[in-house]
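Reading through the structure tokens given below for one structure.
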Amino acid sequence: MLNLLLVEDDLDLATAVVDYLELEDIQCDHAMNGQAGLNMIISNDYHAIILDLNLPKMDGLTVCKHMREQGIDTPVLMLTARDSLGDKLVGFDAGADDYLVKPFAMEELIVRMQVLARRRSGQVKRLTLADLELDLQQKQAYRAAQLLKLSPTAWKILETLMRATPNPVSREKLMQAVWGDEQPDSNSLKVHIYNLRKQLDAGDVPPLLHTVTGLGFALRHDDGTAS
């Protein structure tokens, strides 16, 4: 079942959307203003977010920017009465993934949400885990505010693991993500993981990169099941 969040201050519209989604077996939480919506986004894991542009307390553009700055890659569909190209470009620049202009057909809303929910947003600019931070625009990683010296391959491995955290990524999926169809022997991944772990977990810091027996590798903070 899809789990969505609607951030909309028009109560009549919000009620209609939530009720219609429930008829389609889609769970949808609702927030009446931007600040409440952002708090719910930070506290919960949604498949996708329906975000009105004009909201009290915090507008939709600001909510979207805060999400992306905090590394939240949940897809966002922006609702707006503005249909000009300029307005849409501003929304995309803030981190929106799709636009739907009011008034809209409920059937179209559902189709768009189903498509968005199948993927994570490419709009996120930063990923964080404990004291590890990845700047996706600059392709730089920091642990405890110290820049890590990573090869392009190590960066791809780290980004793949960060986007999956705390879930493990199999060796096969890691190799596909890093090298595509032209893969080296499996020992190459082992060497890159070893070198990445030396950079990532060096010094007096809790280990983040774990080998999960039978499943692959995972980035986890203080996880007792990994080795």
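These values consider heavy atoms only, across backbone and side chains, with no hydrogens, waters or symmetry-generated copies. Predicted model, so just to flag it, every value in this text is computed and none were measured.
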Do [X] and [Y] have side chains that get closer than 4.5 Å, going by heavy atoms?
X	Y	result
M58	N33	no
D29	Q27	yes
K156	W179	no
L6	L79	yes
L174	V169	yes
L11	H30	yes
I41	I49	yes
L77	L51	no

Check for a donor-acceptor pair, side chain of [X] on one end and backbone N or O of [Y] on the other, with a separation under 3.5 Å.
X	Y	value
D52	L55	no
R197	L209	yes
H47	L4	no
D135	Q140	no
R220	P166	yes
T80	L53	no

Original post:
With a cut-off of 6.0 Å (strictly less than), are more than 12 heavy atoms of other residues, nucleotides or ligands near NZ of K102?
Top reply: yes
Subject >> Hphob cluster co-occupancy, V18 + I26, side-chain heavy atoms under 4.5 angstrom >> reply: yes
Is there a donor in the side chain of [X] and an acceptor in the side chain of [Y], or the other way round, less than 3.5 Å apart?
X	Y	value
T15	D12	no
R68	T74	no
N39	Q35	yes
Y142	D131	no
E22	Y20	no

